[in-house]
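Written out below as structure tokens is the structure these notes cover.
None of the values given here were measured: they were computed from a predicted structure.
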Amino acid sequence: MSVSPARLAAISAANNYRTTNTVAFKESHSAALYGKNVFNDKVMQARLPKAVYRSLKKTIDTGAPLDGSTADIVATAIKDWALERGATHYSHVFQPLTGLTAEKHDSFLEPDGKGGAIAEFSGKQLIQGEPDASSFPSGGIRATFEARGYTAWDVTSNCYLVENANGVTLCIPTAFVSWTGEVLDHKTPILRSMKALDEQARRILKLFGHTNIPMITATAGPEQEYFLIDRNFYLSRPDLLSAGRTLFGAKPPKGQEFEDQYFGVIPDRVLAYMHECEAEMYKLGIPIKTRHNEVAPSQYEIAPIYENANVAADHQQLTMITLKRIARKYGLECLLHEKPFAGVNGSGKHLNWSLGNSAQGNLLDPGSTPHENMQFLVFCAAVIRAVHRHAGLLRAVVASASNDHRLGANEAPPAIISIFLGEQLADVFEQLKKGKAKSSKKAGTMHLGVDSLPVLPKDAGDRNRTSPFAFTGNKFEYRAVAANQSIGAPLSALNTIVAESLDYIATKLEKAKGKKFEDAVADVLTEIATEHSAVIFNGNGYSEEWHQEAARRGLPNLKTTVEAVPVIAAKQTVAAYEKYGVLTRRELEARLEIAYEQYCKHIKVEANLVTEMATTKYLPAAIRYQTVLADNVASLKAAGIPADAKLLEKVSGLIADLQAELGKLSDLRAIHPDTLAKEAAHYCHEVLPQLVAIRKIVDSLETVCPDDSWPVPTYEEMLFIK
């Protein structure tokens, strides 16, 4: 291994790390931390007049309009609570189309006209903010000189406090729109699609005879995968610093082939970091449940219990921020890129999705005999129909230059969107094709052959890690979502297309006059099972046979972002989003343009980095070694000793190849197609393969150049020094 300063510093940091009691769980149980920094229901009840509390709760629980007369009272209560906790500023937090979180901080203090200041916070300031909208991606909706944009308080997502070493900020979750009303964020479509889903799901439940139907909400629980490496390595890798992934790096002698990282013992330094992350998330009311080592070396996962979709989206953004922020306290860097290291598993964000309410419960719970649970079968059939009709859209909303490196690899589902139902449900839907389902395969039990071990209840079907959209007991797990991506677009898409299918089913059932309700339901289920079963696949999604079978079934296989994103503004997508008031054609076309822009910018940055690193780091290192070898060969010949020049010839050949390929890259970068779609295709099909060609040469040089002169940390160092 090299003796670079970065490696020496990382070894020292890992070797000398000592656990500190930053989070004193022994003195204060984690339950005492939960929701500590949230203006939650308990705080509302304590601080708001009863009438105001009831009014606010009605809005939160039923989606009713907020009574404007209560806003000032609520604002005063929030301000007093925040000031008591040390807050000096407030911020409307929103999710622009960068995929990141945005915020602008305003002080509570205002001059009192007497040489002093008072803390002020009105209902108007709570409800509406005005950040600059000109510099966020808008897809042409806003010109650069058109700066005005508005944030609107999302009453259904609690305000919270973010603590810093020197202060506290009150954060208000909001939606973000332009001055002309167009949507410029990920939150607004979630809220609109949740409304559509609620309306259509209510129609179904009414048909089943329910009368007490509280608001039905989509629920989500995104599992988050991430890498942790020593920050000394991160700061020594320009590609990690600017692109989030390593653009070069030879395969280490040992990777993940032993699978010894997966669910292994968590290193002390990492576990201490996890403890503090969880403590901070508990304070923010994020229901973190699970942590563990993931498959790749230095890869980990954190997962919450699922909650209302819009709140889950807010909490997911906070989770990513917290993971990044706390890592630096431990001398670590949290990498959220989908594929930071070639040759080992990348990172996803498995999005667990369901729908339900407080009275009817989880509407995707099949019970022990799903063939008899007609209500469940209707909701499940709606999802199947939705995914089959809009498979291209579900691929498009997770498409990005970074996720293209992951989808289809061994740790991720393929780009073909299919549904895994499991043995029990797949059998039920096969029966439905022929008419009514009459039986369900039993779950059973498992005896382990040791008296002291318990008898285990056995699920009716196995799980399938190769499926992009898998039923996992009482929810669907959308596994193609990217690790560093906002879950806003996938959630909005799921809610909208399922609402469309529920609408279709409800309309069919409402028109089935003269038929017994059970028979009408059976007819609809048989129709959907027959027409949309092509999307159901329980086998190995990685196999070449599945790719061939999927083509025969007519399922789209959109392997790259360039192929996938046009579906965002396709006729069928526009029809669904406009029908339910989620997004307009113009807003969808803007999102398509943004997708192209971000893809091009992403690859352009990587091309810049490849050129810079190859020219200023790798070529000089290789040339220095070439000189050493040449001097050695010349010295041996001068001494009359036979000299083997094979290594010199190999290094010289690689240097010549690298210079030639860099020249080709320069020529490709000089080409500027006249449309964004053509530019994205150029980057995808011409520039990206050229980056791969250059990497191959540099990685070959890494395997022959002296370790102590290699200019950047290696994979072996970054992945295994913890």
Side-chain angles (χ1 to χ4, degrees), residues 338-339 346 348 380-401 403-423 425-427 429-430 432-433 461-471 476-482 490 493-494 497-498 500-501 527-573 575-576 592 595 599 677 680-681 684-686 688-689 692:
E338 291 81 352
K339 197 76 171 178
C380 188
V383 176
I384 292 169
R385 180 182 182 274
V387 173
H388 187 221
R389 281 175 51 80
H390 295 280
L393 174 62
L394 291 178
R395 169 67 179 96
V397 293
V398 299
S400 67
N403 209 19
D404 282 357
H405 294 291
R406 169 180 164 266
L407 291 181
N410 284 343
E411 78 281 2
I416 305 164
I417 302 298
S418 64
I419 293 178
F420 169 80
L421 285 182
E423 187 178 354
L425 282 185
D427 177 64
F429 273 88
E430 279 298 314
L432 287 171
K433 285 184 186 179
D462 204 348
R463 295 183 66 185
N464 188 328
R465 68 187 298 271
T466 72
S467 175
F469 202 83
F471 187 75
F476 282 94
E477 182 181 7
Y478 187 25
R479 301 182 67 251
V481 183
L494 277 172
I497 64 177
V498 173
E500 180 192 54
S501 281
E527 175 202 317
I528 291 174
T530 302
E531 295 183 7
H532 300 285
S533 63
V535 79
I536 299 171
F537 178 64
N538 281 0
N540 180 7
Y542 295 161
S543 69
E544 182 56 37
E545 290 78 13
W546 167 233
H547 284 246
Q548 296 167 8
E549 172 64 21
R552 285 193 291 271
R553 295 187 186 190
L555 300 180
N557 186 3
L558 307 173
K559 295 182 179 180
T560 68
T561 293
V562 172
E563 295 171 83
V565 293
V567 184
I568 292 172
K571 183 179 179 180
Q572 187 170 262
T573 304
L592 172 58
Y599 183 86
C684 178
H685 302 304
E686 304 294 337
L688 197 53
V692 173

Provide the full list of salt bridge (Lys or Arg N to Asp or Glu O under 4.0 Å) pairs with a residue in residues 551-572, sequence neighbours left out, each pair given once. E549-R552, E549-R553
If every non-hydrogen atom of [X] is compared with every non-hydrogen atom of [Y], which pair is closest and at what distance?
| X | Y | value |
| --- | --- | --- |
| A534 | L555 | O-CD1, 3.6 Å |
| L393 | A493 | CD2-CB, 4.1 Å |
| A482 | E338 | CB-OE2, 2.6 Å |
| S418 | S467 | O-OG, 3.7 Å |
| V397 | P490 | CG2-CA, 3.9 Å |
| L688 | C684 | CB-O, 3.6 Å |

Go through the structure and list residues passing side chain to side chain donor-acceptor pair (under 3.5 Å) with S501, not counting sequence neighbours. R385
Measure the spacing between [atom1] of [X] and [atom2] of [Y] and express it to the nearest 0.5 Å.
| X | Y | atom1 | atom2 | answer |
| --- | --- | --- | --- | --- |
| Q548 | E545 | CD | CD | 6.0 Å |
| F469 | R479 | CZ | CZ | 12.5 Å |
| I419 | C380 | CD1 | SG | 7.5 Å |
| I416 | L407 | CD1 | CG | 11.5 Å |

Expected output: side-chain E500 to main-chain A575 donor-acceptor under 3.5 Å: no
Would you find a donor on one side and an acceptor on the other, under 3.5 Å apart, between the side chain of N538 and the backbone of L421? yes
Would you please name every residue forming a ring-ring contact (aromatic ring centres under 6.0 Å, His included) with [X], sequence neighbours left out?
| X | value |
| --- | --- |
| F537 | W546 |
| Y599 | none |
| H388 | H532 |

Is there a side-chain contact (heavy atoms from CB on, under 4.5 Å) between R389 and Q572? Walk through the geometry before answering. CA-CA 9 Å; R389 281 175 51 80; Q572 187 170 262; 3.6 Å; yes
Apply salt bridge (charged side-chain N to carboxylate O under 4.0 Å, His left out) to R395 and list each qualifying residue two or more places apart in sequence or on a separate chain. D404
Does any non-hydrogen side-chain atom of I384 lie less than 4.5 Å from one of F429? yes
Does the side chain of T573 come within less than 4.5 Å of I568's, by heavy atoms? no
Determine the sole option in V481, I417, V567 for which the side-chain contact (heavy atoms from CB on, under 4.5 Å) test with L394 is passed. I417
Under the side-chain contact (heavy atoms from CB on, under 4.5 Å) rule, what do V383 and F471 come out as? Steps first, then yes or no, please. CA-CA 10 Å; V383 176; F471 187 75; over 6 Å; no
